[in-house]
**Q** 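Would you mind keeping the following structure in view while I ask a few things?
Keep in mind that this is a model prediction, so the values were computed, not measured. Position 1 is the first residue of the sequence, and the numbers go up from there.
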Amino acid sequence: AQHQCEYDTANFYYKKIIEIYGEDKENQAITVIYQELGNIALQTGQFEEARNYYIKALHICKEKMQNSYIFAQIYQQLGVVAYEQNKMDI
């Protein structure tokens with residue numbers, strides 16, 4: 001119950017940041033926020049939601065950032081989602 005409350009609080013604030021700043025594709029923080037939203041969804045067993053957040057992060061990253069470390073993180077996270085869903089073809 002403690003962790004769920006913390007996830008809910010983090011989720012609320014991450015979404016609030018996106019609401020305030022929009023999907024500013026120039027801002028690397030937005031990519032990280034989508035990754036974190038994906039991580040929360042993954043930790044709470046919401047695999048499809050996690051996948052959607054990671055895909056959003058990936059699209060922003062592909063458009064503007066060209067940061068190979070972040071690409072690798074996102075693909076790794078997508079792999080975990082696929083593994084959890086028993087879907088190995090992303």
**Q** Give the C-alpha distance, both sets of side-chain angles, the deciding distance and a yes or no for side-chain contact (heavy atoms from CB on, under 4.5 Å) between Leu42 and Tyr53.
**A** CA-CA 10 Å; Leu42 181 63; Tyr53 283 128; over 6 Å; no

**Q** Is any side-chain heavy atom of Ile74 closer than 4.5 Å to one of Gln77?
**A**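 Yes, side chains in contact.
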
**Q** Write down the atom of Ala57, the atom of Gln35, and the distance for their closest heavy-atom approach.
**A**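 Nearest heavy atoms, Ala57 then Gln35: CB-CG, 4.1 Å.
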
**Q** How long is the span from the CD1 atom in Ile70 to the CG atom in Leu58, to the nearest 0.5 Å?
**A**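 It comes to 11.0 Å.
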
**Q** Evaluate the side-chain contact (heavy atoms from CB on, under 4.5 Å) criterion for residues Gln43 and Ile40: first the C-alpha distance (whole Å), next the side-chain angles of each, then the deciding distance (0.1 Å), finally the verdict.
**A** CA-CA 5 Å; Gln43 292 298 316; Ile40 291 168; 5.9 Å; no

**Q** Going from CG on Leu37 to CG on Asn52, what distance comes out if it is rounded to the nearest 0.5 angstrom?
**A** 11.5 Å

**Q** Under a single-linkage definition using a 4.5 Å side-chain heavy-atom cutoff for Ile, Leu, Val, Met, Phe, Trp and Tyr, are Tyr75 and Ile55 assigned to the same hydrophobic cluster?
**A** yes

**Q** Would you give the length of the straight line joining atom CD of Glu36 to atom OH of Tyr14, rounded to the nearest 0.5 angstrom?
**A** 4.0 Å

**Q** Decide whether Val32 and Tyr13 are clustered together by the hydrophobic rule: side chain heavy atoms of Ile, Leu, Val, Met, Phe, Trp, Tyr closer than 4.5 Å, transitively.
**A** no

**Q** Which value, rounded to the nearest 0.5 Å, describes the distance between Phe12 atom CZ and Ile17 atom CD1?
**A** 10.5 Å

**Q** Is a side-chain donor or acceptor of Tyr54 paired with a backbone partner of Gly38 at a separation under 3.5 angstrom?
**A**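 Present.
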
**Q** Assess the residue pair Lys62 and Phe71 against the criterion (side-chain contact (heavy atoms from CB on, under 4.5 Å)); give the C-alpha distance rounded to whole Å, side-chain angles, the decisive distance to 0.1 Å, and a yes or no.
**A** CA-CA 8 Å; Lys62 279 183 178 179; Phe71 274 118; 3.4 Å; yes

**Q** Measure across Tyr21 and Ile30 and return the closest heavy-atom pair with its distance rounded to 0.1 Å.
**A**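 In this case the closest contact between Tyr21 and Ile30 is CB-CD1, 4.2 Å.
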
**Q** So which heavy atom on Ala50 is nearest to which on Val81, and how close?
**A** CB-CG2, 4.0 Å

